[in-house]
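Just so we're on the same page: letters track the sequence lines, and every chain starts at 1.
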There are 2 protein chains.
Amino acid sequence: MNDVKGSGGGLPQTLAFRLGTLGAVVGDRFAGRIESYDLKPKHVGLLTALDRGAAASQQELAARLGVAPSLVVSLADHLERLGAVERVRDPRDRRRQVLGLTDRGRCLLADCAAEARALDEELAAHLTAEQREVLRKALGILAAEAGLPTD
Amino acid sequence: MNDVKGSGGGLPQTLAFRLGTLGAVVGDRFAGRIESYDLKPKHVGLLTALDRGAAASQQELAARLGVAPSLVVSLADHLERLGAVERVRDPRDRRRQVLGLTDRGRCLLADCAAEARALDEELAAHLTAEQREVLRKALGILAAEAGLPTD
DNA sequence: TATTGTTATACTCTATAACTATA
DNA sequence: TATAGTTATAGAGTATAACAATA
């Protein structure tokens, strides 16, 4: 009458459980790979946001990333120390600090992308080409619905 | 020559990026859903581990979950206060506290599974039945490789 | 002496709130 | 007075290390 393996009612089979647990594991492994660049996933998220849109104020970035503005400050501080972003005062409104990617930042981002692709190879080693493609596409749909970057 | 949209080299298209970011979002949404049960995702992880295997010592659980033994103590404390688990001294080795699910714990776990299924409906609303199935299966393969629960 | 569980402590991450400069 | 950015502070979460009980 009930499920074979216990009382969870198949919790481990749900998308929510699998995405949540896998996301944590994959995030940790990605963090380990970018550690040598002195970056953490949130820094990469900020770089990605900058790479995808026009240079933006820190408040706009905070809204895009869904984090507090004060966190953008510390992320940007760190990235500025690395020479990956630069802050430019908006001459029309001198309160605004517009963040822009530097060449160094683009280079770092490319390095992170390469690390992610290498990690993909490890992760998907046992999937068929077709499974990989459907997986990538389906995750893209979910990401788009969640308002996350997709391209 | 280069990618159209920027310098990320398609970072947002990688499995690693999508799993990491989606995992965080989905984890937060799941956390919001189980908040009213006074549970957090880590508690559900511990309940799930208990539901799937024989009752286990706290050190074994820590290894299974990949967290510090001291964290299992605080998780188990909380679950014990909720009446979801009970600690029983192993009579053969009185140092060991064997954790076991109670009926209340099984009930809570079933509630969490229902929340996860409801979240799945929201998440996968725009996927075809076939996409859902391939997604579930592919994530199951990845989860198994990562040593996570799959059934 | 080694091991299990627990407690004490410290560190990381992030948000909230207070503050400064500009509008 | 309102807004952008910054700084200060506080809380949650988790790991490390010291400790107690048992083997």
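- With hydrogens and angles disregarded, a donor-acceptor distance shorter than 3.5 Å links the side chain of A:Asp120 to the backbone of B:Ala16.
- Using a 4.0 Å cut-off on heavy atoms, the residues of residues 64-74 of chain B that approach DNA chain C are B:Ser70, B:Val73, listed by number.
- A straight line from CD of A:Gln58 to P of C:dT14 spans 17 Å, rounded to a whole angstrom.
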If you apply the rule salt bridge (Lys or Arg N to Asp or Glu O under 4.0 Å), what do you find for B:Arg96 with B:Asp93, and how did you get there?
CA-CA 6 Å; B:Arg96 292 164 51 96; B:Asp93 182 345; 5.1 Å; no

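- Between A:Leu148 and B:Leu22, the shortest heavy-atom contact is CD1-N, 4.0 Å.
- Under a 3.5 Å cut-off, the side chain of B:Arg52 and the backbone N or O of B:Asp151 do form a donor-acceptor pair.
- At most 12 non-hydrogen atoms from other residues, nucleotides or ligands lie less than 6.0 angstrom from CZ of A:Arg94.
- Looking at every heavy atom in both residues, B:Arg29 comes nearest to B:Leu123 through NH1-CD2, 4.0 Å.
- Remark: B:Glu122 engages B:Arg33 in a salt bridge, criterion side-chain N to carboxylate O under 4.0 Å.
- The CZ atom of B:Arg136 sits 10.5 Å away from atom OG1 of B:Thr150, with the distance rounded to the nearest 0.5 Å.
- Rounded to an integer number of Å, the gap from A:Lys40 NZ to C:dT14 P is 9 Å.
- Remark: the B:Arg96 side chain and the C:dT4 base include no donor-acceptor N/O pair separated by less than 3.5 Å.
- The shortest heavy-atom contact between A:Thr14 and B:Ala116 is OG1-CB, 3.7 Å.
- Both B:Val67 and A:Val25 are members of a single hydrophobic cluster when ILVMFWY side chains are connected at heavy-atom separations under 4.5 Å.
- On the nucleic acid side, DNA chain D contacts chain A at distances under 4.0 Å to non-hydrogen atoms, with the end points of that region at D:dA2 to D:dT7.
- Contacts of residues 75-93 of chain B with DNA chain C (heavy atom under 4.0 Å): B:Arg87.
- Both B:Leu65 and B:Leu108 belong to a common hydrophobic cluster when Ile, Leu, Val, Met, Phe, Trp and Tyr are linked at side-chain heavy-atom distances under 4.5 angstrom.
- Every residue two or more places apart in sequence or in another chain that forms a side chain to side chain donor-acceptor pair (under 3.5 Å) with A:Asp77 is listed here: A:Arg87.
- In terms of position on DNA chain C, the residue among B:Gln97 and A:Lys42 whose nearest nucleotide sits closer to the 5' end is B:Gln97.
- Listed by chain and residue number, A:Leu127, A:Thr128, B:Ile141 satisfy the side-chain contact (heavy atoms from CB on, under 4.5 Å) test with A:Gln131 (two or more places apart in sequence, or in another chain).
- For the segment residues 16-36 of chain B, no residue has any heavy atom less than 4.0 angstrom from an atom of DNA chain C.
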